[in-house]
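What follows is a single structure, written as structure tokens, with notes after it.
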Amino acid sequence: MREIANPDDLLHWYDRHARVMPWRVGPADRAAGVRPDPYRIWLSEVMLQQTTVATVKSYFERFTSRWPDVQALAAADDGDVMGEWAGLGYYARARNLLKCARVVANEHGGIFPDACDALLKLPGIGPYTAAAISAIAFDRAETVVDGNVERVMARLYDIHTPLPTAKPELTEVATALTPDNRPGDYAQAVMDLGATICTPKSPACGICPWHTPCRARAADTQSDLPRKLPKKEKPTRLGIAYVVRRDDGAWLLERRPDKGLLGGMLGWPGSDWSEAPAPAPPLQANWQTLPDEARHTFTHFHLRLRIDVTIINGPVDPEIGEFIPRQRFKPSELPTVMRKVFDLAHGAFTKIG
DNA sequence: AATCCGTGGCC
DNA sequence: TGGCCAAGGAT
């Protein structure tokens with residue numbers, strides 16, 4: 001008879017090897033009765049969507065220092081939140097984060113729901129995040145299925161169906177395995193296992209607490225799992241960014257519309273991004289094209305951005321965007337592609353004087 | 001259902 | 001250097 005994976009074996013491993021994170025209540029503290037702060041769990045889970053733990057840590061510290069609870073975040077200025085999120089990517093997360101904070105503050109008395117179905121109704125909370133908050137913050141027996149869990153389950157049960165087709169099947173076996181005992185710790189334990197032992201490349205099967213029941217390990221297929229459908233090729237798009245510096249040091253920037261790429265973020269005025277972008281200077285000036293272009297890769301295309309710069313004297317009323325005084329302009333509040341443009345333009349201005 | 005939506009580290 | 005990958009969600 002084939003041996004079945006035992007959740008207690010994983011929990012025992014987690015008790016010894018749980019990763020330490022700023023938002024996490026470790027297994028020892030949890031056993032002593034310490035409860036996680038749902039606000040911090042929610043915030044960390046949204047930040048961790050498609051984003052590495054290492055990247056999230058510093059953002060989490062800055063957010064919780066500036067906005068210690070959901071009421072504080074709900075009262076925050078939109079631009080301040082988008083500015084703090086700059087560099088983390090997937091900016092719809094930040095817009096939905098604010099929406100969610102305001103719903104929780106105004107319609108739930110500042111208390112996060114503990115049930116999945118209620119959490120799912122909130123902006124920016126999907127199946128994974130709802131289960132994660134319910135399990136981790138409230139210790140309810142919900143099953144989290146993220147990329148780690150998909151990989152662990154595909155290997156544990158030697159499932160060769162490629163993702164995303166395999167998702168329902170992987171969810172089913174993951175659900176069947178979820179224990180009623182310590183579900184919050186268990187959810188974090190599966191993800192820790194995927195992140196540190198059952199890794200995408202070169203999994204450390206020799207020290208895995210589920211080594212014995214793992215069917216992929218028995219079949220030596222672990223390195224091929226999970227299978228994934230081939231990805232589409234990324235096209236290259238071109239564009240022009242216009243950097244205007246006023247003689248008093250102010251910069252001309254625009255707030256991008258909420259919908260679409262980099263929605264809600266600050267950026268330089270520019271052309272469309274396409275095969276043949278149409279020039280669209282925000283004002284009449286003596287434009288100079290920089291020798292180097294900014295290169296950036298988004299989720300689904302490569303971008304090559306020509307940079308046109310100019311320096312203007314005295315008051316000018318641009319048709320597009322708004323001058324931001326030197327004192328108030330923080331390059332750290334720009335999304336990465338816009339910061340690359342700034343770095344190149346600033347370097348050129350500095351050299352020219 | 002398929003597409004859109006960022007970024008940085010890794011090898 | 002370029003593709004892969006990371007605690008996904010909205011439309």
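A, B, ... follow the sequence lines: proteins, then strands. Residue 1 opens every chain. Computed from a prediction, not measured in an experiment: that's the story for all the values here.
No engagement by A/K340 is indicated, since no non-hydrogen atom pair under 4.0 Å with the nucleic acid exists. A/K201 comes within 4.0 angstrom of no nucleic acid atom, judged by non-hydrogen atoms across all strands. Residue-level contact check: A/R295 touches neither bases nor backbone, having no heavy atom under 4.0 Å from any strand. Using a 4.0 Å heavy-atom distance criterion, A/M265 is classed as making no nucleic acid contact. Nucleic acid contact class of A/W42 (heavy atoms, under 4.0 Å, all strands): none. Base engagement by A/R19 is indicated by at least one non-hydrogen atom pair under 4.0 Å involving a base atom.
Between A/E293 and A/R295, at least one side-chain N (NZ, or NE/NH1/NH2) sits under 4.0 Å from a carboxylate O, which counts as a salt bridge.
On the nucleic acid side, DNA chain C contacts chain A at distances under 4.0 Å to non-hydrogen atoms, with the end points of that region at C/dC5 to C/dA10.
Within residues 136-149 of chain A, the residues that place at least one heavy atom under 4.0 Å from DNA chain C are, in residue-number order, A/D146, A/G147, A/N148.
Between A/H296 and A/F298, a ring centre-to-centre spacing shorter than 6.0 Å is recorded.
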Assess the residue pair A/I125 and A/W42 against the criterion (side chain to side chain contact (heavy atoms under 4.5 Å, CB included)); give the C-alpha distance rounded to whole Å, side-chain angles, the decisive distance to 0.1 Å, and a yes or no. CA-CA 9 Å; A/I125 297 183; A/W42 162 71; 3.8 Å; yes
Would you please test A/D117 and A/K121 for salt bridge (Lys or Arg N to Asp or Glu O under 4.0 Å) and show each step? CA-CA 7 Å; A/D117 57 350; A/K121 293 187 170 71; 5.3 Å; no
Could you go step by step and tell me if A/W268 and A/L253 meet the side chain to side chain contact (heavy atoms under 4.5 Å, CB included) rule? CA-CA 5 Å; A/W268 308 104; A/L253 290 152; 3.5 Å; yes
Filtered N/O pairs between nucleotides 3-6 of chain B and protein, under 3.5 Å:
from, atom 1, to, atom 2, distance (Å)
B/dC5, OP1, A/L261, N, 3.4
B/dC5, OP2, A/H300, NE2, 2.3
B/dG6, OP1, A/Y90, N, 3.4
B/dG6, OP1, A/Y91, N, 2.8
B/dG6, OP2, A/L262, N, 2.5
B/dG6, O4', A/Y90, N, 3.0
B/dG6, N7, A/Y90, OH, 3.2
B/dG6, N7, A/T299, OG1, 2.8
B/dG6, O6, A/Y90, OH, 3.0
B/dG6, N1, A/Q50, O, 2.9
B/dG6, N2, A/Q50, O, 3.2
B/dG6, N2, A/T51, OG1, 3.0
B/dG6, N2, A/L88, O, 3.4

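Residue order along DNA chain C, read from the 5' end via each residue's closest nucleotide, puts A/M191 first among A/M191 and A/N96.
Between A/H346 and A/W251, the ring planes are tilted. Angles from 30° to 60° get that label. Classification of the A/F112-A/Y39 ring pair by plane angle, with boundaries at 30° and 60°, yields tilted. Between A/W23 and A/F60, the two ring planes are perpendicular [angle over 60°; tilted spans 30° to 60°].
When all heavy atoms of A/T143 and A/T175 are compared, the pair lying nearest together is OG1-CA, 3.4 Å.
Inspection of the A/R24 and A/Q188 side chains reveals an N or O donor paired with an N or O acceptor under 3.5 Å.
Cation-pi contact between A/R339 and A/F342: absent, since separation from the ring centre below 6.0 Å together with deviation from the ring axis within 45° is not met.
Across C/dG9 and B/dG8, the matching P atoms stand 22 Å from one another, rounded to whole Å. Here the separation of C/dA7 from B/dC11, taken at their P atoms, is 16 Å to the nearest Å.
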